[in-house]
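Note that the coordinates shown come from a computational prediction; the quantities given were computed from them, not determined experimentally. Count residues from 1 along the sequence.
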Amino acid sequence: MRMKEEFSRDRSDEEAEGEETTSQFSVGVLQQQQRKLAVVGYALTSKKTKSFLQPKLEGLARNKGILFVAIDQNRPLSEQGPFDIVLHKLTGKEWRQILEEYRHTHPEVTVLDPPDAIQHLHNRQSMLQCVADMNLSDSYGKVGVPKQLVIKRDASSIPEAVTKAGLSLPIVAKPLVADGSAKSHELSLAYDQYSLRKLEPPLVLQEFVNHGGVLFKVYIVGETIKVVRRFSLPDITKRELSRNAGVFQFPRVSCAAASADDADLDPSVGELPPRPLLERLAKELRRRLGLRLFNLDIIREHGARDHFYVIDINYFPGYGKMPGYEHIFTDFLLSLVQSQYKKRSCQ
């Protein structure tokens with residue numbers, strides 16, 4: 001009987017040891033699998049999270065070995081992770097400081113994108129300066145910016161300032177600060193000199209360019225470019241300008257609901273800008289801005305087939321509205337991680 005009890009106890013001990021070994025093996029495999037995942041920490045507003053992290057994107061990312069992890073803003077960033085990539089679109093001086101410190105102490109992590117570079121796009125005065133400085137012109141076309149003027153205060157001085165700067169009516173007025181808020185996307189169209197006094201600084205005033213009522217949204221994800229058409233403000237004739245007065249406000253001109261990709265457009269209006277021209281423009285802006293996630297709003301001057309204007313640049317735009325964004329974005333993230341691994345292996 002005693003031998004039987006000892007035998008039974010020995011078997012139990014062996015089974016327990018076997019289970020412990022199996023458990024340790026499973027944990028080891030799990031840790032190994034986790035190490036193979038590309039971990040992307042994200043700090044986005046709830047609205048941005050909903051529009052960007054759609055189920056299809058997360059599912060595809062998992063299949064490709066990418067794990068999205070929400071960053072807890074109530075905990076120190078350095079205590080979270082480890083991350084391969086930090087993806088963010090939050091505003092505020094405190095957040096910028098946190099990210100800059102994190103970049104300094106974690107140089108192995110790719111931060112999309114550097115906060116100081118993003119800040120450049122939060123001011124419409126500096127936003128388009130890079131495009132203006134490029135003065136891009138080649139056999140495929142010319143890219144510039146509309147004539148513009150910054151008014152920081154005193155609306156009563158606007159008519160005189162517009163005349164002095166040589167801007168022609170009508171005038172598009174945009175908030176000087178472009179922080180991604182609904183208000184920053186609002187614009188006004190002023191038809192006459194008197195109405196310019198009704199505008200509320202700080203503002204950027206741009207000369208309105210007739211463009212056939214269509215603009216091109218050029219999405220840039222790393223080195224990938226995707227272009228979509230959107231309906232925009234209609235052309236304004238001299239007759240309409242003489243018959244209208246006042247300021248007309250528009251909450252948001254271009255959105256996914258205003259897609260013009262399937263519309264029956266005149267080829268002179270709907271033809272996409274030449275690919276080589278866009279590739280050259282995007283490459284140069286990536287270098288000058290130091291950004292990898294942004295889009296451009298581009299218009300073609302009506303009646304001028306090869307003359308284009310950049311009228312806005314947005315950091316980390318609504319990629320959820322870009323066709324096929326799930327594949328483009330996950331491939332981009334994987335390319336960043338692979339680049340990191342290559343750098344480490346060469347060190």
Side-chain angles (χ1 to χ4, degrees), residues 51 121 124 127-132 134-148 172 174 178 180 184-185 187 189 204 206-236 250 252-286 288-289 291-325 328-329 332:
S51 67
L121 295 187
R124 283 198 167 93
M127 177 194 288
L128 300 180
Q129 194 57 49
C130 282
V131 181
M134 284 169 59
N135 195 25
L136 178 57
S137 180
D138 61 20
S139 59
Y140 293 101
K142 183 178 180 180
V143 180
V145 299
K147 280 186 188 176
Q148 67 175 34
V172 178
K174 301 178 182 180
S184 72
H185 288 291
L187 63 82
L189 193 62
V204 166
Q206 287 181 350
E207 197 171 77
F208 181 78
V209 177
N210 281 334
H211 52 282
V214 172
L215 68 76
F216 305 100
K217 278 204 171 289
V218 182
Y219 291 95
I220 294 160
V221 182
E223 295 183 6
T224 302
I225 299 171
K226 188 86 172 178
V227 189
V228 296
R229 299 176 188 86
R230 293 277 188 269
F231 285 116
S232 177
L233 297 177
D235 289 350
I236 299 169
F250 303 88
R252 189 163 191 158
V253 174
S254 171
C255 62
S259 173
D261 278 331
D262 297 324
D264 185 18
L265 299 171
D266 186 312
S268 66
V269 171
E271 183 186 3
L272 296 179
R275 190 79 187 181
L277 186 68
L278 291 181
E279 287 175 351
R280 186 178 167 193
L281 175 63
K283 182 179 180 180
E284 190 60 26
L285 283 177
R286 276 197 305 271
R288 291 182 182 230
L289 295 173
L291 298 173
R292 284 171 281 194
L293 299 176
F294 60 100
N295 80 349
L296 312 170
D297 286 352
I298 295 180
I299 57 173
R300 172 192 282 112
E301 185 176 354
H302 195 41
R305 186 171 179 267
D306 60 354
H307 197 172
F308 302 91
Y309 293 92
V310 177
I311 57 173
D312 228 343
I313 306 177
N314 304 288
Y315 169 66
F316 200 156
Y319 286 116
K321 302 168 191 171
M322 181 179 81
Y325 90 103
I328 292 171
F329 215 95
F332 168 63

Just wondering, do [Y] and [X] contact through their side chains at under 4.5 Å, heavy atoms?
{"X": "Lys321", "Y": "Arg230", "answer": "yes"}
{"X": "Val228", "Y": "Met322", "answer": "no"}
{"X": "Phe250", "Y": "Ser232", "answer": "no"}
{"X": "Leu277", "Y": "Phe308", "answer": "yes"}
{"X": "Ile298", "Y": "Val143", "answer": "no"}
{"X": "Glu284", "Y": "Leu136", "answer": "no"}
{"X": "Ile313", "Y": "Leu296", "answer": "yes"}
{"X": "Leu281", "Y": "Met134", "answer": "yes"}

For atom CG of Asp262, decide whether the heavy atoms of other residues, nucleotides or ligands shown that lie under 6.0 angstrom number more than 12.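 Result for CG/Asp262: open.
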
What closest approach, in Å, do [X] and [Y] show between heavy atoms, and which atom pair accounts for it?
{"X": "Phe231", "Y": "Ala263", "answer": "CZ-CB, 3.6 Å"}
{"X": "Leu215", "Y": "Lys217", "answer": "CD1-CG, 3.8 Å"}
{"X": "Leu272", "Y": "Arg229", "answer": "CG-NH2, 3.6 Å"}
{"X": "Cys130", "Y": "Leu285", "answer": "CB-CD2, 3.9 Å"}
{"X": "Tyr140", "Y": "Pro274", "answer": "O-CG, 3.4 Å"}
{"X": "Val131", "Y": "Gly144", "answer": "CG1-O, 3.9 Å"}

Going by salt bridge (charged side-chain N to carboxylate O under 4.0 Å, His left out), name the pairs with one or both residues in residues 136-147, residues two or more places apart or in two chains.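 Qualifying pairs, neighbours excluded: Asp138-Arg280.
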
Distance check, rounded to the nearest 0.5 Å: [X] atom [atom1] versus [Y] atom [atom2]?
{"X": "Gln206", "Y": "Leu128", "atom1": "CD", "atom2": "CG", "answer": "6.0 Å"}
{"X": "Ile311", "Y": "Glu207", "atom1": "CD1", "atom2": "CD", "answer": "13.5 Å"}
{"X": "Ile299", "Y": "His307", "atom1": "CD1", "atom2": "NE2", "answer": "9.5 Å"}
{"X": "Leu289", "Y": "Tyr315", "atom1": "CG", "atom2": "OH", "answer": "12.5 Å"}
{"X": "Lys174", "Y": "Met127", "atom1": "NZ", "atom2": "CE", "answer": "8.0 Å"}
{"X": "Phe216", "Y": "Leu278", "atom1": "CZ", "atom2": "CG", "answer": "9.0 Å"}

Please identify which of these residues, Asn314, Asp312, Leu291, meets the side-chain contact (heavy atoms from CB on, under 4.5 Å) condition with Leu121.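 Among the candidates, only Leu291 passes.
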
Under the 3.5 angstrom rule, does the side chain of Arg292 hit a backbone N or O of Arg286 as a donor-acceptor pair?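 Checking the backbone N and O of Arg286 against the side chain of Arg292, no donor-acceptor pair under 3.5 Å is found.
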
Cut-off 3.5 Å, no hydrogens considered: what does the side-chain donor-acceptor table look like for residues 219-227, sequence neighbours left out?
none

Taking the inter-plane angle between the rings of Phe329 and Phe332 on a 0 to 90° scale, is it parallel (under 30°), tilted (30 to 60°) or perpendicular (over 60°)?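 Perpendicular.
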
Residue list, side-chain hydrogen bond (donor to acceptor under 3.5 Å, both in side chains) with Arg305, at least two apart or on another chain: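 side-chain hydrogen bond (donor to acceptor under 3.5 Å, both in side chains) check on Arg305 returns Glu271.
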
